[in-house]
Amino acid sequence: KQEVTQIPAALSVPEGENLVLNCSFTDSAIYNLQWFRQDPGKGLTSLLLIQSSQREQTSGRLNASLDKSSGRSTLYIAASQPGDSATYLCAVRPRETSGSRLTFGEGTQLTVNP
Amino acid sequence: KAGVTQTPRYLIKTRGQQVTLSCSPISGHRSVSWYQQTPGQGLQFLFEYFSETQRNKGNFPGRFSGRQFSNSRSEMNVSTLELGDSALYLCASSQPGLEYTGELFFGEGSRLTVL
């Protein structure tokens with residue numbers, strides 16, 4: 001059974017700092033991995049999608065990497081801003097299931113202090 | 001292009017009642033999946049519908065059910081509500097032809113409180 005773990009559970013940093021969020025998964029048989037952002041009481045906003053054949057994806061100040069063989073992904077946020085404060089979730093799409101079934105981690109709650 | 005739309009956004013029910021939540025996917029999307037989010041269990045998959053057929057089902061009791069209409073809109077129903085059903089219910093859709101490998105787009109969710 002696929003399990004996804006995110007470390008740390010919470011992170012507080014000063015504005016302008018570069019930071020890394022970690023995600024690990026137990027079964028490397030995945031179609032892809034997706035990073036989301038969730039603001040309090042809101043839905044999920046997709047940040048980056050990495051296919052199993054890819055090593056990394058970039059969007060603006062965000063860069064996500066994927067090492068499928070070791071079951072790890074990282075989300076790098078450059079020059080953090082207070083507006084980046086949110087919970088960041090990673091989710092994998094296991095090959096053992098079909099369709100749009102994702103397995104989520106518990107999330108990292110990020111606070112960027114002005 | 002409108003995103004995934006969920007209604008109602010907030011609702012309060014009492015134990016034993018039933019509730020129906022609605023989800024309209026992004027125009028052209030045929031796959032709709034539902035997730036439950038609670039502080040204790042995180043995000044858990046409920047079920048997925050594709051072309052009006054349930055394609056996947058998570059590990060939830062039979063009180064949780066859903067359906068999809070010909071226009072791809074989906075509803076989920078929870079009968080005989082329990083306190084533990086209080087949660088944020090999220091709906092997601094994915095692009096046609098990319099249901100396995102494409103990006104998942106989520107709505108804002110329906111916040112259910114059971115008293």
Side-chain angles (χ1 to χ4, degrees), chain A residues 1-7 9-10 23-25 29-54 57-59 62 64 66 68 73 86-109, chain B residues 3-7 9-10 23 25-26 29-51 53-60 68 74 87-113:
Chain A
K1 180 191 168 188
Q2 177 75 265
E3 292 183 0
V4 180
T5 304
Q6 291 187 245
I7 295 173
C23 172
S24 62
F25 46 96
I30 62 171
Y31 281 115
N32 55 46
L33 184 146
Q34 196 166 350
W35 282 93
F36 296 91
R37 167 191 172 133
Q38 185 174 33
D39 294 290
K42 301 287 190 179
L44 306 183
T45 300
S46 178
L47 297 173
L48 289 164
L49 171 73
I50 311 179
Q51 301 296 349
S52 62
S53 58
Q54 297 175 317
Q57 281 286 342
T58 298
S59 176
L62 305 179
L66 174 64
K68 198 176 63 163
S73 176
T87 297
Y88 290 80
L89 295 147
C90 73
V92 299
R93 184 172 285 171
R95 285 190 178 270
E96 66 183 2
T97 60
S98 60
S100 302
R101 182 172 186 159
L102 300 182
T103 301
F104 282 86
E106 292 292 316
T108 294
Q109 187 173 358
Chain B
V4 178
T5 304
Q6 293 189 244
T7 57
R9 290 292 316 280
Y10 304 92
C23 171
I26 293 172
H29 289 196
R30 292 179 296 168
S31 168
V32 173
S33 49
W34 290 88
Y35 291 80
Q36 181 197 62
Q37 186 177 31
T38 60
Q41 299 295 319
L43 272 151
Q44 293 187 290
F45 173 80
L46 280 157
F47 28 64
E48 178 194 5
Y49 286 87
F50 180 78
S51 293
T53 302
Q54 188 180 87
R55 183 160 69 176
N56 254 308
K57 190 177 190 308
N59 190 26
F60 278 81
Q68 187 179 34
S74 177
L88 181 66
Y89 290 89
L90 292 162
C91 168
S93 71
S94 56
Q95 296 166 278
L98 296 176
E99 287 84 7
Y100 286 81
T101 59
E103 199 172 359
L104 222 59
F105 300 91
F106 281 80
E108 290 292 325
S110 292
R111 170 75 64 184
L112 170 64
T113 301

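As the structure is a prediction and not an experimental result, all values here were calculated from the model. To find a chain, count down the sequence lines: A is the first, B the second, and so on, and within it residues start at 1.
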Could you tell me which portion of B:F45 (side chain, backbone, both or neither) has an atom closer than 4.5 angstrom to a non-hydrogen atom of chain A?
side chain

Going through the distances and angles, do B:Y35 and A:L44 end up as a side chain to side chain contact (heavy atoms under 4.5 Å, CB included)?
CA-CA 11 Å; B:Y35 291 80; A:L44 306 183; over 6 Å; no

Can a donor-acceptor pair be found, under 3.5 Å and without considering hydrogens, that links the side chain of B:E103 to the backbone of A:S46?
no

Quick one: does any side-chain atom of A:R101 pair with a main-chain N or O of B:S33 as donor and acceptor, under 3.5 Å?
no

Contact leader toward chain A among B:L43, B:L46, B:V32, where contacts are heavy-atom pairs under 4.5 Å
B:L43

Where does B:Q41 contact chain A at under 4.5 Å (heavy atoms): side chain, backbone, both or neither?
backbone

Quick check on the interface: out of A:L102, A:N32, A:T103, who has the most heavy-atom pairs with chain B under 4.5 Å?
A:L102

Interface moiety of B:L88 toward chain A, non-hydrogen atoms closer than 4.5 Å:
side chain

Take atom CD of A:Q51 as the centre, draw a 6.0 Å sphere, and report whether it contains more than 12 heavy atoms from other residues, nucleotides or ligands.
yes

